[in-house]
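Notes to accompany the following structure.
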Amino acid sequence: MSERRRPGEGEPRWRSLVRADAPRVAGLLAACEAADRTGDRRGAPELLDDWAAPGIELAAGSVCAWAGPEPVAYAVTRAREHADPVHEMALELAVHPAHRTRDVLAQLLARCRRTAARRHRERFGDGIPLELHTRTHGHQRWLAEALDAAGHRRARGYRGMRIDLAAHTSADAPAHAPGAAPVLPPGSVLVPFEDRHDEALLTARNAIFAGHPGSVPMTPATWRHAVTGNPYFSPGTSFLLFSADGRQVLCYLLTTEYPTTGAADGGRELYLANAGTSPELHGRGLYRAVITHTLAHAKRLGFRWAVLDVDDTNTMAVGGFYERLGARTIRTWTGHVLDVTGAAARAAGTPSAAPPSCGGAAERRRGGG
């Protein structure tokens with residue numbers, strides 16, 4: 001990694017972030033996006049919304065390096081409500097391209113580790129193991145190498161995939177093209193999301209992911225902030241498959257639309273953000289029916305692209321399910337894990353990982369890339 005520093009620049013000043021820093025941090029992210037092309041196009045309003053998430057405490061859980069009046073590196077930790085059996089704390093960080101020196105990166109990651117350990121002790125004490133989780137985009141080799149040097153292991157890979165919703169009009173359309181009519185299981189009812197479904201949906205989500213490594217129950221506050229209360233949540237293109245009596249959510253697919261994405265490719269882009277199917281119903285075509293219906297509906301509404309992020313260990317991703325829908329990989333991510341307490345792997349028994357959804361999508365996402 002090259003050592004770069006602007007002429008006359010001294011050591012950066014470090015302090016916690018405050019909400020008033022959002023416009024300047026947005027400027028830092030813009031500089032990073034110009035260099036890294038990860039698709040992170042957040043402005044100050046989006047940052048303020050992110051910083052209001054449950055588990056984020058700027059005063060106690062963030063660090064920021066300043067060169068004069070401008071931030072040049074920052075990190076924010078997000079604690080979880082539960083630890084079963086490991087507390088997986090999320091880490092987000094960014095470093096200005098002109099300040100990606102070994103010294104700045106080492107200081108930032110060391111401060112992140114100390115901050116995470118302190119927040120963990122305050123929340124869970126010393127008896128629960130702690131892991132620090134972050135991701136790098138395929139274009140962020142500099143960050144992946146810095147994480148390697150700081151002891152973070154590369155845990156698993158993710159792919160960002162995109163479906164051209166106009167493709168089904170061609171002669172070589174995929175077998176499960178978006179225009180195909182869905183075949184719903186007998187006795188089920190497919191409906192768009194409404195607020196009155198929110199409680200049943202959260203209950204279903206927590207039940208579906210109860211046995212997944214790294215998954216913990218989401219509280220109503222976290223669920224609303226990250227998913228159905230997300231300002232970019234698209235209820236009109238989000239669908240739930242209910243049992244015949246209307247009491248059980250059998251399968252769901254939730255979507256978001258970000259106003260800044262898709263424009264460069266000449267069309268609206270719908271992100272397939274969250275999905276899940278009752279474990280006892282896997283293999284019966286429920287998710288295929290729901291995603292096929294969703295894609296056809298999105299096309300009718302004028303969307304050009306559908307995008308999703310897929311965990312490479314997801315069984316449908318390995319089996320080529322999304323490729324048969326016409327999806328093509330447009331970006332890659334790597335998950336990195338730091339065992340802060342030195343006991344997380346022993347407590348978990350298996351490598352820790354973010355919970356895979358039925359669609360393999362993350363539960364909150366910004367930008368394209």
Side-chain angles (χ1 to χ4, degrees), residues 17 19 22 42 45-62 75-93 115-116 119-120 122-125 128-135 158 193-235 238 240 249 252-258 271-277 308-309 311 335 337 348 352-367:
L17 288 167
R19 291 180 64 82
R42 285 173 295 171
E46 290 79 14
L47 282 171
L48 289 172
D49 179 60
D50 287 348
W51 294 349
I56 288 183
E57 300 173 10
L58 291 182
S62 70
V76 175
T77 57
R78 178 170 55 83
R80 302 182 85 173
E81 297 99 330
H82 306 282
D84 185 19
V86 177
H87 178 201
E88 297 183 2
M89 184 178 291
L91 170 65
E92 177 197 326
L93 55 88
T115 298
R119 296 196 68 203
H120 173 74
E122 292 171 352
R123 185 170 290 239
F124 294 107
I128 300 293
L130 168 65
E131 290 181 343
L132 200 54
H133 285 241
T134 191
R135 290 189 188 185
Y158 305 85
F193 174 86
E194 297 180 24
D195 281 339
R196 62 191 177 94
H197 301 317
D198 200 45
E199 184 177 353
L201 181 57
L202 175 57
T203 299
R205 182 268 171 204
N206 285 340
I208 287 169
F209 293 109
H212 285 270
S215 176
V216 296
M218 293 185 75
T219 65
T222 299
W223 174 256
R224 287 295 295 179
H225 183 271
V227 186
T228 56
N230 179 344
Y232 301 106
F233 176 56
S234 177
S238 299
L240 288 64
V249 177
Y252 65 87
L253 176 57
L254 309 181
T255 63
T256 55
E257 181 183 6
Y258 296 95
Y271 181 62
L272 311 183
N274 304 265
T277 302
L308 68 159
D309 291 327
D311 184 332
V337 179
S352 181
S357 68
C358 179
E363 288 188 325
R364 188 171 177 91
R365 177 253 199 189
R366 299 283 187 190

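Throughout, residue positions are numbered sequentially from 1 according to the sequence presented.
- T222 pairs by the side-chain hydrogen bond (donor to acceptor under 3.5 Å, both in side chains) definition with E81, T219, not counting sequence neighbours.
- With values rounded to the nearest 0.5 angstrom, T134 atom OG1 is found 4.5 Å from L91 atom CG.
- Heavy-atom neighbours of E199 CD from other residues, nucleotides or ligands within 6.0 Å: at or below the threshold of 12.
- Heavy atoms only, all atoms of each residue included: T115 and S62 are closest at CG2-N, 4.4 Å.
- Of all heavy-atom pairs spanning A275 and F209, the tightest one is O-CZ, 3.5 Å.
- One finds the NE2 atom of H82 at 10.0 Å from the CZ atom of R123 (value rounded to the nearest 0.5 Å).
- Heavy-atom minimum distance, R205 versus Y252: CG-OH, 3.3 Å.
- Residues L254 and L201 form a side-chain contact, since some pair of their non-hydrogen atoms from C-beta on lies under 4.5 Å apart.
- For the pair R80 and F124, the minimum side-chain heavy-atom distance is 4.5 Å or more.
- With sequence neighbours excluded, no residue forms a side-chain hydrogen bond (donor to acceptor under 3.5 Å, both in side chains) with R78.
- For the pair F233/F193, a side-chain contact is recorded, criterion being any heavy-atom separation below 4.5 Å from C-beta on.
- Within the 4.5 Å cutoff, side-chain heavy atoms of W51 are placed close to those of L58.
- For the 3.5 Å distance criterion, the side chains of W223 and D198 qualify, holding a donor opposite an acceptor.
- Partners of E92 by side-chain hydrogen bond (donor to acceptor under 3.5 Å, both in side chains), not counting sequence neighbours, listed by chain and number: R42, Y74.
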